[in-house]
Protein chains: 2
Amino acid sequence: MDEKQFLAEYNKHHYDSPLVTVDAVLFTYHEECLKVLLVERANHPDRGKWGLPGGFVDLEHDKTLEETVRRKLKEKTGIEPPYLEQLQSIGNAERDKRGWSVTVAYTALMAYQACASHISTVADAQWLALDKVGQMDLAFDHQAIINLARERMRQKALYSIIPAYALPEIFTLPELQHLHEVLIGKALQKKSFRRRIEQAELLIDTGKKRSEGGRPAVLYRMKQSSGAYTFVRNLED
Amino acid sequence: MDEKQFLAEYNKHHYDSPLVTVDAVLFTYHEECLKVLLVERANHPDRGKWGLPGGFVDLEHDKTLEETVRRKLKEKTGIEPPYLEQLQSIGNAERDKRGWSVTVAYTALMAYQACASHISTVADAQWLALDKVGQMDLAFDHQAIINLARERMRQKALYSIIPAYALPEIFTLPELQHLHEVLIGKALQKKSFRRRIEQAELLIDTGKKRSEGGRPAVLYRMKQSSGAYTFVRNLED
DNA sequence: CCAATAGTGTCTATCAGACATTATCTA
DNA sequence: TAGATAATGTCTGATAGACACTATTGG
């Protein structure tokens with residue numbers, strides 16, 4: 001039998017395959033807190049519980065897994081996040097009551113303001129402070145996935161400024177530093193933090209400043225390429 | 001409807017789901033070369049082409065995705081690799097002629113000797129030098145997956161000694177250094193390389209030596225925990 | 001002895017940590 | 001002026017790069 005004939009006769013429904021979903025851990029930074037976007041499940045299983053935005057691949061319309069995630073996130077936030085990276089896939093027989101299931105999990109970052117208005121129109125989606133999420137009983141294994149995402153983002157805070165994607169386009173250095181401190185879980189030396197970012201020329205001075213009860217802080221914007229930059233030397237763990 | 005009833009009536013065959021496979025990029029180091037294990041495909045599609053070891057999840061017997069990979073690798077090599085880590089999932093409508101397909105790709109490392117005898121009994125599996133693999137026309141998108149795995153391993157060579165899992169249990173420092181040099185693609189300072197490994201106490205001196213036409217090299221063994229160790233400062237890229 | 005390979009000594013450059021000091025705003 | 005927050009000056013310590021040097025084998 002040649003390949004053409006094989007494909008003509010191939011019917012995937014003859015083979016048992018796992019369920020395939022995508023899930024996104026979308027972080028943001030607001031009011032000095034890390035927050036994650038959660039969605040109240042409208043359907044079984046785990047109906048009524050909160051969980052990560054995500055869902056099944058639409059074989060008709062999605063060309064890639066990433067398109068599926070982007071579509072799902074846009075439904076909930078109104079926009080596509082400026083940072084989206086695959087985190088890990090989790091697949092086993094236990095994680096979904098419907099049967100053997102694989103989820104491809106993504107980590108995403110966006111500014112709180114960028115979608116605040118849209119989210120307020122979607123009753124079932126909400127930003128929740130990460131500290132509180134830890135106490136909740138989430139759907140499926142979403143708690144574990146959030147922990148994975150957080151740990152990965154903590155690592156990135158040590159050797160990149162990727163967390164900046166969780167801030168508005170224009171931000172101050174003290175803001176970025178505090179976000180890194182929250183992720184890493186300890187205070188950083190401001191001199192060290194500024195120095196490495198200055199030397200690598202990762203930010204653009206907008207010329208504007210923002211006052212916050214003391215000396216005004218310079219407002220910066222990320223360079224296009226700065227997300228890809230990694231420092232050769234990490235901050236202390 | 002409650003959840004129990006929902007699950008009783010749930011039939012996943014009513015929903016279209018992508019095909020799910022796993023693939024492993026298994027590297028080793030032999031004769032001063034990086035090699036990758038490839039398998040000649042016995043079935044359509046791409047029958048006769050070489051590709052990565054892997055295949056479909058067995059919903060009956062595999063409890064997790066990682067079990068699937070371990071099973072597949074054991075079939076080809078006779079053993080389970082000492083290093084196995086998820087690389088990335090690739091899912092889109094184009095990569096498999098049978099339709100929308102997701103593969104969960106893993107990177108694995110093992111010693112060449114550990115499975116040389118078994119592989120010689122499996123006619124369709126073979127170690128191929130990575131340089132030559134680049135010229136081949138592999139099945140599916142396996143060429144791209146190999147490139148991803150190689151790039152990831154290159155990064156790890158800059159901040160860890162994970163590549164050591166591609167060596168026999170007992171090895172010399174010059175061997176490990178050369179492996180890192182092949183991965184990184186440039187010569188390293190032996191002083192720097194030795195110093196950081198010594199200071200981090202990652203290896204155990206076996207007390208034995210191996211002669212290679214000059215001064216004999218000390219034979220080392222990895223500590224249990226050394227795979228998890230990351231240097232705070234990377235080697236130069 | 002020489003050639004070959006393994007391993008060391010030591011200087012320099014870079015950069016993060018620590019922390020004191022200065023700058024610039026508001027009340 | 002005082003208090004708050006932002007930004008800088010400057011010293012120290014850790015560690016990678018460079019490269020010359022010594023050590024240990026076989027022929």
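Note that these values count all heavy atoms, side chains included, but never hydrogens, waters or copies made by symmetry. Letters A, B, ... are given to chains in the order of the sequence lines, protein chains preceding strands, and every chain is numbered from 1. For clarity, every value in this text was computed on a predicted model and none was experimentally measured.
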* Taking B:K223 for the side chain and B:E201 for the main chain, is one N or O donor matched with an acceptor at less than 3.5 Å? -> yes
* In whole angstrom, give the distance that lies between atom NE2 of B:H178 and atom P of C:dT5. => 12 Å
* Asked: Can you check whether A:L87's main-chain N or O pairs, donor with acceptor, with A:R152's side chain at less than 3.5 Å?
  -> yes
* Asked: Does B:D23 come within less than 4.0 Å of B:K72, counting only side-chain N to carboxylate O?
  -> no
* To do: In whole angstrom, give the distance that lies between atom CZ of A:F171 and atom P of D:dA6.
  => 14 Å
* Asked: Quick check: does any side chain N or O of A:Q88 sit under 3.5 Å from a backbone N or O of A:A149, one acting as donor and the other as acceptor?
  -> no
* Structure fact -> Atom CD of B:E212 and atom C1' of C:dG7 are separated, to the nearest Å, by 16 Å
* To do: Select from B:T172 and A:G213 the residue whose nearest nucleotide in DNA chain C is closer to the 5' end of that strand.
  => B:T172
* **d(CG, B:L219; P, C:dA6) in whole Å** => 11 Å
* Is the backbone of A:D62 close enough, under 3.5 Å, to the side chain of A:T68 for a donor and an acceptor to pair up by distance? -> no
* Structure fact -> Dot-bracket for DNA chain D, 5' to 3', Watson-Crick and G-U pairs with both distances under 3.5 Å, [ ] for crossing pairs, | for partner on another strand, reads |||||||||||||||||||||||||||
* Asked: With a 4.0 Å cut-off, would you call A:R154 and A:E151 a salt bridge?
  -> yes
* Structure fact -> Here the distance between atom P of D:dA6 and atom CD of A:E198, to the nearest Å, is 15 Å
* Asked: B:S192 and B:R195: side chain to side chain donor-acceptor pair (under 3.5 Å), yes or no, with the steps?
  -> CA-CA 5 Å; B:S192 303; B:R195 195 173 28 199; 3.3 Å; yes
* Asked: Under the 3.5 angstrom rule, does the side chain of A:E169 hit a backbone N or O of A:R221 as a donor-acceptor pair?
  -> no
Could you go through nucleotides 14-18 of chain C and list every protein N or O atom that sits under 3.5 Å from one of its N or O atoms, giving the distance for each pair?
{"residue": "C:dC15", "atom": "OP2", "partner": "A:Q199", "partner atom": "OE1", "Å": "3.3"}
{"residue": "C:dC15", "atom": "O4'", "partner": "A:R233", "partner atom": "NH1", "Å": "3.4"}
{"residue": "C:dC15", "atom": "O2", "partner": "A:R233", "partner atom": "NH1", "Å": "2.7"}
{"residue": "C:dA16", "atom": "O4'", "partner": "A:R233", "partner atom": "NH2", "Å": "3.3"}
{"residue": "C:dA16", "atom": "N7", "partner": "A:R195", "partner atom": "NH2", "Å": "3.3"}
{"residue": "C:dG17", "atom": "OP1", "partner": "A:E236", "partner atom": "N", "Å": "3.1"}
{"residue": "C:dG17", "atom": "OP2", "partner": "A:S192", "partner atom": "OG", "Å": "3.4"}
{"residue": "C:dG17", "atom": "N7", "partner": "A:S192", "partner atom": "OG", "Å": "3.3"}
{"residue": "C:dG17", "atom": "N7", "partner": "A:R195", "partner atom": "NH2", "Å": "2.9"}
{"residue": "C:dG17", "atom": "O6", "partner": "A:R195", "partner atom": "NH1", "Å": "3.1"}
{"residue": "C:dA18", "atom": "OP2", "partner": "A:Q189", "partner atom": "NE2", "Å": "3.1"}
{"residue": "C:dA18", "atom": "N7", "partner": "A:Q189", "partner atom": "OE1", "Å": "3.4"}

* In whole angstroms, how far is the P atom of D:dT8 from the CG atom of A:L173? -> 9 Å
* Between SG on residue B:C115 and CG on residue B:L73, distance to nearest 0.5 Å -> 9.5 Å
Contact list (N/O, under 3.5 angstrom) for nucleotides 21-24 of chain D vs protein:
{"residue": "D:dA23", "atom": "O4'", "partner": "B:R215", "partner atom": "NH1", "Å": "3.3"}
{"residue": "D:dA23", "atom": "N3", "partner": "B:R215", "partner atom": "NH1", "Å": "3.4"}
{"residue": "D:dT24", "atom": "O2", "partner": "B:R215", "partner atom": "N", "Å": "3.1"}

* **Heavy-atom pair with the smallest gap, counting every atom of A:V102 and A:R95** => C-NH1, 4.4 Å
* To do: Starting from P on D:dG9, measure out to CZ on A:R194 and report it in whole angstrom.
  => 11 Å
* Looking only at atom types and distance, does a side-chain atom of B:Q177 sit under 3.5 Å from a main-chain N or O of B:L188, one as donor and one as acceptor? -> yes
* Taking atom P of C:dT8 as reference, at what distance in whole Å does atom CD of B:Q177 sit? -> 13 Å
